[in-house]
Amino acid sequence: AQTVTQSQPEMSVQEAETVTLSCTYDTSESDYYLFWYKQPPSRQMILVIRQEAYKQQNATENRFSVNFQKAAKSFSLKISDSQLGDAAMYFCAYRRYTTSGSRLTFGEGTQLTVNP
Amino acid sequence: KAGVTQTPRYLIKTRGQQVTLSCSPISGHRSVSWYQQTPGQGLQFLFEYFSETQRNKGNFPGRFSGRQFSNSRSEMNVSTLELGDSALYLCASSLAGTSDGEQFFGPGTRLTVL
């Protein structure tokens with residue numbers, strides 16, 4: 001079974017600074033997808049960024065980027081120029097490649113605090 | 001386009017009762033997945049429905065069941081409620097339920113079992 005581990009229950013960053021959230025996963029599959037979701041206090045899960053395992057290039061979405069190390073099974077999220085609105089719980093998630101299914105396996109989450 | 005909606009948003013029940021939660025996916029989306037979120041167990045997959053058929057099921061007891069209607073709306077039912085069923089239940093929809101498709105989450109239903 002696939003597992004996702006986030007070893008940092010809490011992180012904090014100063015506004016405008018950069019922070020990196022860590023995620024490791026375990027799978028025997030070679031094709032899969034990785035995601036970072038953000039869950040603010042409203043509890044609405046929002047997709048931040050996704051990475052296809054077959055792509056070597058790291059995904060980037062504005063201030064958010066990932067460092068995907070397939071051999072090490074590591075998938076970290078870097079947030080640049082942190083803003084107060086970035087404060088939230090961040091979940092790393094895995095989805096295996098399949099033609100019939102969209103099941104996500106989530107990590108435990110990292111609570112990010114942004115200090116003004 | 002309206003997002004995923006879940007009703008009710010909050011629910012209080014007592015042990016032994018049953019409850020039904022509803023999820024309306026984004027228009028045109030045919031796949032609906034359900035997740036349970038608790039402080040102790042985190043986010044866990046319950047089941048997924050696609051075109052009225054259950055396609056995947058997580059590791060939950062038979063007290064948890066669901067269904068999907070022809071308009072893609074989905075309901076999940078929990079019978080004989082236990083205190084441990086208190087959780088945030090999240091529903092997510094996607095266009096075709098393929099692994100490369102993006103899932104859009106609803107705001108969740110907060111269930112409290114007393």
Side-chain angles (χ1 to χ4, degrees), chain A residues 1-10 21 23-27 29-55 59 61 64 88-111, chain B residues 2-6 9-10 23 25-26 29-51 53-60 66 68 72 74 87-111:
Chain A
Q2 294 84 12
T3 58
V4 178
T5 303
Q6 293 178 249
S7 58
Q8 307 155 314
E10 298 177 346
L21 309 184
C23 172
T24 58
Y25 58 94
D26 187 27
T27 182
E29 307 280 344
S30 58
D31 290 328
Y32 49 86
Y33 300 87
L34 296 166
F35 306 84
W36 279 98
Y37 280 89
K38 168 185 177 181
Q39 188 179 43
S42 67
R43 297 297 188 184
Q44 183 89 41
M45 294 283 278
I46 302 164
L47 177 65
V48 175
I49 198 166
R50 61 177 273 168
Q51 173 80 42
E52 291 86 351
Y54 63 84
K55 289 186 178 179
E61 286 288 342
F64 299 87
M89 181 72 87
Y90 285 81
F91 291 96
C92 177
Y94 167 99
R95 178 188 295 156
R96 63 183 284 263
Y97 174 80
T98 174
T99 57
S100 61
S102 54
R103 172 179 184 163
L104 288 164
T105 300
F106 287 92
E108 306 90 337
T110 296
Q111 182 68 52
Chain B
V4 179
T5 58
Q6 292 187 246
R9 293 292 311 279
Y10 301 91
C23 171
I26 291 172
H29 285 195
R30 296 167 62 193
S31 168
V32 174
S33 298
W34 289 89
Y35 294 85
Q36 181 196 64
Q37 185 176 19
T38 60
Q41 299 297 318
L43 278 153
Q44 293 187 290
F45 172 79
L46 279 156
F47 27 64
E48 177 190 4
Y49 286 87
F50 180 77
S51 294
T53 301
Q54 187 181 86
R55 192 158 65 173
N56 288 291
K57 190 177 191 307
N59 190 25
F60 278 81
Q68 186 180 34
S72 293
S74 177
L88 180 69
Y89 290 88
L90 294 168
C91 158
S93 78
S94 63
L95 193 60
T98 54
S99 57
D100 61 342
E102 181 177 348
Q103 280 188 312
F104 295 85
F105 283 82
T109 293
R110 170 74 66 183
L111 171 65

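Bear in mind that the values here come from a model prediction, so they are computed numbers and not experimental data. By convention in this document, chain letters (A, B, ...) are assigned in the order of the sequence lines, proteins followed by strands, and residues within each chain are numbered from 1.
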Open item on the list: Does any backbone or side-chain atom of B:F104 lie under 4.5 Å from a heavy atom of chain A? Answer side chain, backbone, both or neither.
Closed with: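 No part of it gets close to chain A.
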Task: Under 4.5 Å from any heavy atom of chain A - which part of B:L88 - done: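 The side chain, not the backbone.
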Task: Segment of A:Q39 engaging chain B (4.5 angstrom heavy-atom cut-off) - done: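 The side chain, not the backbone.
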Open item on the list: Please identify, among A:Y32, A:F106, A:F91, A:Y37, the residue contributing the most non-hydrogen atom pairs under 4.5 Å to chain B.
Closed with: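 Looking at each of A:Y32, A:F106, A:F91, A:Y37 in turn, A:F106 comes out on top.
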Open item on the list: With chain B as the partner, which of A:E108, A:R103, A:R43 has the greatest number of non-hydrogen pairs under 4.5 Å?
Closed with: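 Most heavy-atom pairs within the cutoff with chain B belong to A:R103.
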TODO: Quick one: pull up CD1 in A:I46 and CZ in B:F105 and give me the separation to the nearest 0.5 Å.
DONE: 11.0 Å
Task: A:T105 OG1 to B:Q44 CD distance, which is reported to the nearest 0.5 Å - done: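 Here the interatomic distance stands at 10.0 Å.
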Task: Under the side-chain hydrogen bond (donor to acceptor under 3.5 Å, both in side chains) test, residues paired with A:T24 that sit two or more places apart - done: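 Testing A:T24 for side-chain hydrogen bond (donor to acceptor under 3.5 Å, both in side chains), a comparison that skips the adjacent residues, returns none.
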Task: Partners passing side-chain contact (heavy atoms from CB on, under 4.5 Å) against B:T53 (at least two apart in sequence or in another chain) - done: none
Task: Most chain A-contacting option - heavy-atom pairs closer than 4.5 Å, from B:Q37, B:Q103, B:E102 - done: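 Option with the greatest count: B:Q103.
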